[in-house]
Amino acid sequence: MKGRFMKEKERKIYIFDTTLRDGEQSPGASLTPDEKLKIAKQLERLNVDVIEAGFPASSPGEMRAIAMIAEAVRGPEICALSRMLAYDIDACRRALEKARRKRLHVFLATSQIHRQYKLKKDKGEILKMVSENIRAARKDFSKIEFSPEDASRTEPQFLAQVVQAAVAAGATSINIPDTVGYAVPQEFGDLIRFLIKKCPALGREVILSVHCHNDLGLAVANSLAAVLAGANQVECTVNGIGERAGNASLEEIAMAIDTRRDFVGCYTDIRLKEITKASRMVSHLTGMVVQPNKAIVGRNAFSHASGIHQDGVLKKRQTYEIIDPKRIGLSGNQLLLGKLSGRHAFNARVRKLGFRLTASEMAAAFQRFKQLADKKKYIFDEDIETLLQEGAGQVPEVWKLEHLSTTTETRKAPHAHLVLSFNGKKKDASSTGDGPIDACYKALEKIIDQSAKVTHFGIQSVTGGKDAQGEVVVKLSVQNREVTGRGTSTDIIEASVKAYLHAINKICAHLVSQEQGPTPV
Ligand code: KIV
Ligand code: ZN
């Protein structure tokens with residue numbers, strides 16, 4: 001796609017996934033070696049360039065998990081994290097022994113606050129450690145990534161010195177972390193430009209990477225600003241999990257670069273169709289729920305609720321959608337039917353469900369849909385089916401439920417009060433019973449002045465969710481005739497009363513045809 005801002009030559013942006021290292025640092029997200037391997041295989045299907053599999057020196061289990069991944073995952077480069085310690089670097093060597101392609105990732109904090117309080121080292125000592133350790137690691141690794149931890153809060157001149165020393169010592173990638181998520185996009189982009197100026201190999205012979213945390217919610221924006229400034233690798237995690245507020249989210253980075261390729265002038269090799277599967281797997285295995293409104297992978301990311309938006313999307317999807325959900329492995333978008341939905345969305349769903357209604361049937365069904373939507377947050381397909389089936393073979397509502405209340409108290413018989421209308425005229429009665437439904441039925445029989453034998457009573461949930469609709473089916477035996485009634489409601493007592501009245505109204509309808517006028521039973 002050639003857009004307005006398309007650059008002459010597009011740059012590839014390497015995706016370095018750290019779900020299994022920084023992501024696993026999310027509180028409560030620890031994974032077993034088998035779970036890590038499962039995720040690594042999905043990351044391979046996602047076609048990330050590098051998988052940071054973990055921190056081998058942290059535990060024997062972690063070392064085993066990384067070794068399993070190094071042996072089984074052959075596509076992406078496998079990377080392991082290390083402090084600037086010979087012991088850690090050797091642990092990485094052992095963990096990555098069987099990897100087809102491997103990378104060592106060493107880090108050392110460089111900011112003044114970390115130097116003074118955490119490391120108790122001066123600038124000279126930091127520079128010496130960086131040079132010596134990277135040089136030493138070269139005997140075991142041909143690819144070495146170096147991260148000056150807390151880079152965004154490091155004095156820029158000193159940061160440039162450290163980066164130059166790391167490159168001179170043999171680092172093949174330089175990663176600039178915004179460790180505490182402190183940077184803002186313009187500032188972070190400027191820092192990247194400054195470093196490229198001081199060390200022109202960055203973004204060319206030496207990979208220039210960024211690693212942004214989300215403490216101010218700017219991790220993706222900062223990463224993109226860095227890409228626009230010349231960085232050619234982004235470190236990120238599936239669903240944006242990671243230490244504290246997390247890392248830049250892989251799916252947001254990949255989709256932003258893809259969707260705005262016209263402006264960014266870059267691409268990634270991510271297989272976009274695997275995004276949804278990866279997101280669900282990581283959420284399931286880490287137990288970290290994805291927020292519903294999360295970009296790209298949140299449950300609501302492709303759901304349209306307002307009638308105006310639904311109408312627009314039905315006319316042309318792109319009116320309110322910048323990404324085709326099928327591109328990320330979803331089956332399509334969702335028009336959530338609820339009280340904000342209009343006729344267009346309702347009619348389209350009715351047709352999709354296979355119902356063919358006349359204009360007046362559709363109008364009546366839409367009215368019932370709106371009544372239901374006032375009671376129920378979302379109307380699912382099953383609700384619509386129920387609603388249409390109730391509407392088919394319409395029975396005139398001679399007896400209508402106007403109001404119902406029940407009270408149940410420990411050690412007291414349940415009590416019901418019912419108001420019905422008969423051709424618009426209200427009548428009411430109260431009763432107690434063996435249960436609230438029995439109390440309702442007794443009150444109902446008082447009003448209609450007729451008793452019926454309930455020969456069958458069935459109840460089932462016909463929709464999903466906590467506010468599911470219950471359907472009640474009753475069979476009544478009245479004056480030697482059997483008649484079935486159905487009622488649905490989010491309240492099963494109301495559904496039970498509606499079912500009884502439906503049966504009674506059927507009998508009334510039958511009498512109408514014989515006697516030319518509605519008659520109570
Ligand atoms: O956030 C950070 O600084 C890190 C480094 C180890 C790259 O995770
Ligand atoms: Zn980090």
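Whatever order the structure lists them in is the order used to number ligands and atoms, beginning at 1. This chain uses plain numbering: 1 for the first residue, then up along the sequence.
Nearest protein heavy-atom contact of atom 4 (C) of ligand 1 is H211 NE2, 3.5 Å.
Of the N or O atoms in D22, one or more lie within a sub-3.5 Å distance of an N or O in ligand 1. Residue H105 has no nitrogen or oxygen atom sitting less than 3.5 Å from a nitrogen or oxygen atom of ligand 1, judged on distance alone. Close N/O approach between H213 and ligand 1 is found [any backbone or side-chain N/O within under 3.5 Å]. Considering backbone and side-chain N/O of E235, none are found under 3.5 Å from N/O of ligand 1.
Close contacts between ligand 1 and E149 involve ligand atoms 3 (O) [criterion: under 4.0 Å to a heavy atom]. When each atom of ligand 1 is checked for a heavy atom of S147 under 4.0 Å away, the hits are 7 (C).
In this structure, of L108, T179, I176, N247, the residue bringing a heavy atom nearest to atom 3 (O) of ligand 1 is T179.
In summary, R115 and E125 do not engage in a salt bridge, as defined by a charged side-chain N under 4.0 Å from a carboxylate O. Taking 4.0 Å as the cut-off between side-chain N and carboxylate O, D262 and R260 count as a salt-bridged pair. Here E252 pairs with K294 in a salt bridge; the nearest charged N to carboxylate O distance falls below 4.0 Å. Looking at R327 and D324, no side-chain N of the basic residue comes within less than 4.0 Å of a carboxylate O on the acidic one, giving no salt bridge.
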Show your working on side-chain contact (heavy atoms from CB on, under 4.5 Å) between S26 and T286 and close with a plain yes or no. CA-CA 9 Å; S26 309; T286 59; over 6 Å; no
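Contact between R21 and ligand 1 is present, with at least one heavy atom of the residue lying under 4.0 Å from the ligand.
D22 has its closest N, O or S atom to the Zn ion (ligand 2) at the position named OD2. For H213, the N/O/S atom at the shortest distance from the Zn ion (ligand 2) is named NE2.
In this structure, the side chain of R21 does not engage the main chain of I51 through any donor-acceptor pair within 3.5 Å. Although no hydrogens or angles enter the test, the distance criterion places no donor-acceptor pair under 3.5 Å between the side chain of E149 and the main chain of F107.
In this structure, F55 and R83 approach most closely via the heavy-atom pair CZ-NE, 3.8 Å.
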